[in-house]
Amino acid sequence: MSDVATQAGEILDRLGVADPFVGDGDLVARSPIDGSEIGRLRSHTPEEAAHAIGRAHAAFERWRTVPAPVRGQFVRELGELLREHKEDLGALVSIEAGKIVSEGLGEVQEMIDICDLAIGLSRQLHGLSIASERPGHRMMEQWHPLGVVGVISAFNFPVAVWSWNAALAFVCGDAVVWKPSEKTVLTALGCQALVLEAGRRAGVPDGLSAVLVGDRTVGEVLVDDPRVPLVSATGSTRMGRQIAPRVAARLGRTLLELGGNNAAVVAPSADLDLTVRGVVFSAVGTAGQRCTSLRRVIVHESVKDELVSRLAAAYATLPIGSPLEPSTLVGPLIDEAAFRAFDEALARARADGGELVTGGTRAAVDGGGFYVRPAIVDMPAQTEIVRAETFAPLLYVLTYGDLDEALALHNEVAQGLSSSIFTLDVREAETFLSVVGSDCGIANVNIGPSGAEIGGAFGGEKETGGGRESGSDAWRAYMRRATNTVNYSRELPLAQGVEFG
Ligand code: UN1
């Protein structure tokens, strides 16, 4: 057994998950660190998935009557357990998703943060009071629990994105059935062990939170089951295009967080020290495998040469290697398919006239992982490959002359998740944030497009899918709204002045 497999086994044991090796398991869990096998599990059958949804629905029927602030206590217990097990769960994220230590811990911190937000929210699920046009009448809105929320999550944020959904759903009075990526199923099971313990401490109904192990066939059960009123899915635009019409066909709701093709506009006045740091973190962090990763720098011609040479110098010093080494900044790609996509995108960019500034090769790291040198390609135009999302550390440089041109390039892509501008000019900054500026769900000034805090609504427009998760009023997606009109008069006036008898 490899070192990482032993380490993963020990962590799972401490989190309360039994041996991850099931004799006849069909689903092989691997670490991208060295490609080694770290678990072998049996996938759930579609019947088992349907059974879990049924149990979750029964749990929901009890949970919805528990007062919301009391429901918050369950999330409080979960937050406490996450604090206690932060190092272990973070290390498991590193082992299974390949994130560097600090980002693995950051992922768990993001879970803790959303738990804190949800606990406060459990006392603030406010509805409106509305002025009625009729005398002696009162109108109001109430927000009621929705039902079973299906969560489909991706490998790159194997637990945080589940927690954005689940922490809110639980305080909103919902049950959650989770289909994690097959690539990060052990992390999901580690997380679920903590959820079950929190549930025991808080006395929640059995089956309120379930994990489905398997490939898309179990996910499809979740997508098609009418007992699941909301499917919240994170992944590629391709996946979203398959899920959305199926859920819509049964008139269910989706909350989609799909592809991004995030850019940074770098204006003539930009503080280049800060810009270089912001660009490198966003483009290279998580080995370019965030949906918010920076993929396009749109730089003014007057600062282009300096920016590109400073970026190349910074890229040359990036420590690439095992994400468990504290000094590493660039860990592995998730698997061979990701490496191939990186390689093919580079070849296409160069065929389109792109000039490789730095990187682009496989880095020699012991073991069977797919490590690459992050690449920068200077592009003569925004060609088709630049408009596609390649989930790897591949940064395209595009050059502009005036801000209108930069904005046109910026918004020309089909995705609309995150965006940023580096400028010290208030007119440029405000234009970028205005209606004629960035068309994305997230638009930042003087920070890169990745690394959002949980307090804001997270999600994007166009092919990103339009969903909003996490902070602000994203909680409303997990509830149903009832409009109530109460007549406390002795008359029966009709709305719109209608006379009837
Ligand atoms: C994702 O990649 O799916 O804003 C989520 C960020 C993180 C979340 C990314 N807080 O980069």
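Start at 1 and go down the list; that is how both ligands and their atoms are numbered. Numbers here are sequence positions counted from 1. Note: hydrogens, waters and symmetry copies are ignored here, and every other heavy atom, side chains too, is used.
Salt-bridge formation is detected for the pair Asp473/Arg476: a Lys NZ or Arg NE/NH1/NH2 atom is positioned less than 4.0 Å from an Asp or Glu carboxylate oxygen. The pair Arg348-Asp343 fails the salt-bridge criterion, with no side-chain N (NZ, NE, NH1 or NH2) lying under 4.0 Å from an Asp/Glu carboxylate O.
Under a 4.0 Å criterion applied to the non-hydrogen atoms of Ser450, ligand 1 contributes the atoms 11 (O). Every atom of ligand 1 with a heavy atom of Glu110 under 4.0 Å away is listed here by number and element: 7 (C), 8 (C), 10 (N). Within the listing of ligand 1, atoms 5 (C), 8 (C) sit less than 4.0 angstrom from a heavy atom of Trp164. Of all the atoms in ligand 1, the ones that sit under 4.0 Å from a non-hydrogen atom of Arg290 are 2 (O), 6 (C), 7 (C), 11 (O).
Neither the backbone nor the side chain of Glu453 comes within contact range of ligand 1; no heavy atom lies under 4.0 Å.
By the 4.0 Å heavy-atom criterion, Glu257 is counted among the residues contacting ligand 1.
Looking at atom 6 (C) of ligand 1, its nearest protein heavy atom turns out to be Gly451 N, 3.2 Å. Nearest non-hydrogen protein atom to atom 1 (C) of ligand 1 is Cys291 SG, 2.6 Å. Summary of contacts: the protein heavy atom closest to atom 9 (C) of ligand 1 is Phe157 CE1, 3.4 Å. With hydrogens left out, the protein atom closest to atom 4 (O) of ligand 1 is Ala452 N, 2.7 Å, a heavy atom.
The closest donor-acceptor contact from the side chain of Arg295 to the backbone of Glu389 lies at 3.5 Å or more, if one exists at all. Remark: side-chain polar atoms of Asp174 are paired, donor with acceptor, to backbone N or O of Leu146 under 3.5 angstrom.
The aromatic rings of Trp164 and Phe458 are tilted relative to each other, their planes meeting at an angle between 30° and 60°.
With a 6.0 Å cutoff to the six-membered ring centre and a 45° limit on the axis angle, Arg362 counts as a cation-pi contact of Phe339.
Checking only distances, Asn156 does come within under 3.5 Å of ligand 1, N or O to N or O.
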Start with the C-alpha gap between Val176 and Phe170, add the side-chain angles, then the distance that decides, and say whether side chain to side chain contact (heavy atoms under 4.5 Å, CB included) holds. CA-CA 8 Å; Val176 177; Phe170 289 140; 3.7 Å; yes

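Across every non-hydrogen atom of Ala52 and Val177, the tightest pair is O-CG2, 4.3 Å.
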